[in-house]
Amino acid sequence: MRIAVLKERAAGETRTAATPETVKKFIALGAEMAVEQGAGLSASITDEDYRAAGAQVGDAAATVAGADIVLAVQAPDPALLAGAKPGAMVAAIFDPFRDRARVDAYAAAGLEALAMELMPRITRAQSMDVLSSQSNLAGYKAVLAAANQYGRAFPMMMTAAGTVSAAKVFVMGVGVAGLQAIATARRLGAQVSATDVRSATKEQIQSLGAKPIFVESVAGIEGEGAGGYATEMSPEYQAAQAELVSSHIAKQDIVITTALIPGRPAPRLITDAQIATMRPGSVIFDLAVAQGGNVEGSVADQVVERHGVFVMGYANTPAHLPADASALFSRNHYNFLSAFWDKEAGRPVLDEEIGTAVRLTQGGAVVSERLKG
């Protein structure tokens, strides 16, 4: 069983899909590991580190030649995988709803595409969930980036020259990223409030010492779909939420938006008119900017000034913490494949529940029911 890891080629991608730690673990399972030279440099991992762990290090063609499995962060161009074995597994982030052409290309190439971002949110798959591991870091980084842009201090400071008030931080969307954003802002000394469409998150917000801001006037709204993801809300709820947010956001110094709906563009949470109510120098960090943005006028990898308010967001936030993001992502890969490793076959054999959820292509065809639908 030959497992290949290529250098990431997507613009701005600094992560790698395997670390020396996971290389050693895969070799212990009986696999042969091949890593393209330079694959880990942006994550502070040298080629010698990989060699010391037992991996073969070479150019892209040599790395992928005869590979049974290819591990990546973002799915590589199928042309790079021409030397892999027929039907080779490729585990990576595919973004299949926005990049269907790549999925079709994988099917045409006879590769088995496994979309790590479609990992079901069930207990036994938690350690395999790349969205959770990367969102955790993204929530942390968003607060640090916003704090750096903000022209004032976060904590309350009492000095001989007078008192500095604590910054007010509002987190919109309380998934993994939102919870980490709340915790990070609290550790920095801010006054934190948060909101979400899922009523079950209210206790989570309070447990972190933040104030929950929820729509109470619209009955029967739950907002939680399959796997704990948020669903798109009714027009009545959206109107009530917009009214609540408008009154609250005008008093905030920092706003972090994290709302995403799988397979859909990011929902619009903040309008230009709402931005105009915030005081000059305030900061909004849009974690969903790469999926269309929660904030009107946000632009990926740019700081846009609107009405004196700084609106920012990274196209790939975890890539700004490449070493830790790579460590967690590579463990997700290992936890995924090792959980299904068949010692007799010497290869992973996926079960129906998880295999069906993540598999996009197999046997020259697109097999994902979600994509067919």
I'd like to know whether [atom1] of [X] has more than 12 heavy-atom contacts from other residues, nucleotides or ligands below 6.0 angstrom.
X: Lys7; atom1: NZ; answer: no
X: Glu48; atom1: CD; answer: yes
X: Glu21; atom1: CD; answer: yes

Practice task
Measure up the Phe26 and Tyr334 rings against each other and bin them: parallel (under 30°), tilted (30 to 60°), perpendicular (over 60°).
Solution key: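 Correct class here is perpendicular.
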State, with a plain yes or no, whether a side-chain heavy atom of [X] is found less than 4.5 Å away from one of [Y].
X: Leu328; Y: Gln134; answer: yes
X: Ile254; Y: Lys168; answer: no
X: Val309; Y: Val283; answer: no
X: Leu179; Y: Gln204; answer: yes
X: Phe94; Y: Asp99; answer: no
X: Asn294; Y: Arg268; answer: no

State yes or no: do [X] and [Y] share one hydrophobic cluster built from I, L, V, M, F, W and Y residues joined by side-chain heavy-atom distances below 4.5 Å, directly or via other members?
X: Leu360; Y: Val367; result: no
X: Val197; Y: Leu244; result: yes
X: Phe97; Y: Val289; result: no

Is it true that [X] and [Y] make a salt bridge, defined as a side-chain N closer than 4.0 Å to a carboxylate O?
X: Glu112; Y: Arg359; value: yes
X: Asp95; Y: Arg102; value: no
X: Arg2; Y: Asp68; value: no
X: Arg306; Y: Asp272; value: yes
X: Arg121; Y: Asp129; value: yes

Practice task
Apply side chain to side chain donor-acceptor pair (under 3.5 Å) to Gln180 and Thr184, showing your working.
Solution key: CA-CA 6 Å; Gln180 183 57 250; Thr184 302; 3.1 Å; yes
Practice task
In sequence, state the C-alpha distance, the side-chain angles, and the governing distance for Ser282 and Asp253, and then conclude on side chain to side chain donor-acceptor pair (under 3.5 Å).
Solution key: CA-CA 5 Å; Ser282 300; Asp253 301 308; 4.7 Å; no
Practice task
Assess Lys202 against Phe214: is NZ or CZ under 6.0 Å from the centre of the six-membered ring, and within 45 degrees of the ring's axis?
Solution key: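 Satisfied, under 6.0 Å and within 45°.
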Handout entry: Aromatic ring proximity, centroids under 6.0 angstrom, Tyr150 and Phe310
Key = no
Exercise for the section: Could you work out the complete set of other residues in the hydrophobic cluster of Met157, with links drawn between I, L, V, M, F, W and Y side chains under 4.5 Å apart? Expected result: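 Traced through the cluster, Met157 reaches Val164.
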Exercise for the section: Test side chain to side chain donor-acceptor pair (under 3.5 Å) on Ser246 and Gln274 and set out the steps. Expected result: CA-CA 6 Å; Ser246 292; Gln274 290 170 324; 2.7 Å; yes
